[in-house]
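Note: hydrogens, waters and symmetry copies are ignored here, and every other heavy atom, side chains too, is used. Only a predicted model underlies this, so the values are computations on that prediction, with no experimental measurement involved.
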Amino acid sequence: MLGPVILAASRSDKMRRFVSSAPGTKQVVDRFIAGETVDDVLPVVQDAAAKGLEVTLDVVGEDITTREQAAAARDAYLELIDRLRDLGLGTRAEMSVKLSMFGQALEGGHELALANVRAVVEAAAAIGTTVTLDAEDHTTLDSMFAIHEELRKDFPGTGCVIQSYLFRTEDDARRLAASGSRVRLVKGAYKEPASVAFQDKAEIDKAYVRILKILMEGEGYPMIGTHDPRIISIAQELARRAGRKLDEYEFQMLYGIRSDEHLRLAAEGHRMRVYTAYGTDWYGYFMRRLAEKPANLLFFVRSMITKN
């Protein structure tokens, strides 16, 4: 299995330097990353809106070691929100944030991350949109869920992400579905030990369907993060059985992957949101995209070989 090897490499400074300097890297990174600056990503949002798509925007970056870096990450999101407001795109774009960017791993990090993300959530609400808290490795989740619960007291539309490969997630899904939360369900893209997570793809897929059923039958708003055609079909059937209307759930897919499917689902009347990452600190995000699907890795290797 190459996935775990690639995920391990995502934490290696040596591999970061090698991949960043490889001649074919930029071609592949451009497939998954919408640019490095706000000016790069705003035309992508405008184009998506013109096609009937929505987006969730992620300013990539995870290796935060100082409070100043955490504040800079917060300010990057605030700048993004200001620019979306100026262009009247607030209702077409939400934000996805990793609490590690806001200082969660620092001393006193829980309260620091809460304060930083609250500023972003408040600003997002002011332009008519929402924020979703991304899930990271399992050691961070109790803090993430506690911050999510606290934010929802004032901003009930604040979303969170759960990962089907973790054993705990069915219980988390029941709690979140009962509370009426916005929940993005993904398979999971971090290297997790067998003591806390399924390691077999078939088991992860089965868990995904079980959890999706819980969300569809609950009181919340399911956000289905998958590119898997079989799971997309299952999701549509589960929504039908649960009596959900097309605007009572949504599909989410990554920028640069299955773009034709984005348009097909939107044309059928589904809410279709494109997870769009941008920024200069793209390495960890990029490596997880390679780990998720062998075809992505093959595309990267071919680019390195054929690039002159």
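Judged by distance alone, the side chain of Thr226 and the main-chain N or O of Asp228 form a donor-acceptor pair under 3.5 Å.
A salt bridge links Asp171 with Arg174: at least one charged nitrogen is closer than 4.0 Å to a carboxylate oxygen. Taking a cutoff of 4.0 Å between a charged side-chain nitrogen and a carboxylate oxygen, Asp205 and Lys201 qualify as a salt bridge. At a threshold of 4.0 Å, the pair Lys245-Glu248 does not count as salt-bridged, since none of the basic side-chain nitrogens sits closer than that to a carboxylate oxygen. Checked for salt-bridge contact, Lys191 and Asp137 miss the test: no charged N lies under 4.0 Å from a carboxylate O. A salt bridge between Lys206 and Asp200 is absent, with no side-chain N of the basic residue lying under 4.0 Å from a carboxylate O of the acidic one.
For Phe167 and Phe198, the gap between ring centers is short of 6.0 Å.
Defined by atom type and a distance below 3.5 Å, a donor-acceptor pair is missing between the side-chain atoms of Thr158 and Arg182. Remark: the Glu94 side chain and the Thr130 side chain contain an N/O donor-acceptor pair separated by less than 3.5 Å. With no hydrogens or angles considered, a side-chain donor-acceptor pair links Gln69 and Thr65 at under 3.5 Å.
Proximity of Val183 to Thr132: side-chain heavy atoms (C-beta onward) are nowhere separated by under 4.5 Å. By the 4.5 Å heavy-atom criterion applied to side chains, His227 and Ile232 are not counted as neighbours. Ile127 is listed as a side-chain neighbour of Ile81, based on a closest heavy-atom distance under 4.5 Å. Taking 4.5 Å as the limit, some side-chain heavy atom of Leu212 sits within range of a side-chain heavy atom of Tyr208. Taking the side chain as every heavy atom from C-beta outward, Val41 and Thr276 approach each other to under 4.5 Å. At a threshold of 4.5 Å between non-hydrogen side-chain atoms, the residues Arg184 and Ser96 count as touching.
Listed by first and then second residue, the ring pair (Phe, Tyr, Trp, His ring centres under 6.0 Å) pairs that reach into residues 86-143 are Tyr77-Phe102, sequence neighbours excluded. Within the structure, no pair that satisfies the salt bridge (Lys or Arg N to Asp or Glu O under 4.0 Å) test touches residues 99-110, not counting sequence neighbours. Applying the ring pair (Phe, Tyr, Trp, His ring centres under 6.0 Å) definition to pairs two or more places apart or across chains, none involves residues 142-162.
The salt bridge (charged side-chain N to carboxylate O under 4.0 Å, His left out) check on Glu149 picks up nothing, with sequence neighbours excluded. Leu78 is linked by a side-chain contact (heavy atoms from CB on, under 4.5 Å) to Arg74, Asp75, Val120, Ala123, counting only residues two or more places apart in sequence or in another chain. Residues meeting the side-chain contact (heavy atoms from CB on, under 4.5 Å) test with Ser259, sequence neighbours left out: His262. Lys153 pairs by the salt bridge (charged side-chain N to carboxylate O under 4.0 Å, His left out) definition with Glu150, not counting sequence neighbours. Qualifying salt bridge (charged side-chain N to carboxylate O under 4.0 Å, His left out) partners for Asp39, counting only residues two or more places apart in sequence or in other chains: Arg83. Applying the side-chain contact (heavy atoms from CB on, under 4.5 Å) criterion to Ala105, with sequence neighbours excluded, gives no partner residue. Under the side-chain contact (heavy atoms from CB on, under 4.5 Å) criterion, Thr169 pairs with Ile162, Leu166, Ile211, sequence neighbours left out. Asp40 is linked by a salt bridge (charged side-chain N to carboxylate O under 4.0 Å, His left out) to nothing, counting only residues two or more places apart in sequence or in another chain.
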Give every donor-acceptor pair under 3.5 Å between a side-chain atom in residues 216-224 and any protein atom, sequence neighbours left out.
from   : atom 1 : to     : atom 2 : distance (Å)
Glu217 : OE2    : Lys213 : NZ     : 2.9
Tyr221 : OH     : Glu250 : OE1    : 2.7
Tyr221 : OH     : Arg271 : NH1    : 3.1

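Note on Val186 and Val274: separate hydrophobic clusters, where clusters join Ile, Leu, Val, Met, Phe, Trp and Tyr whose side-chain heavy atoms are under 4.5 Å apart, directly or indirectly.
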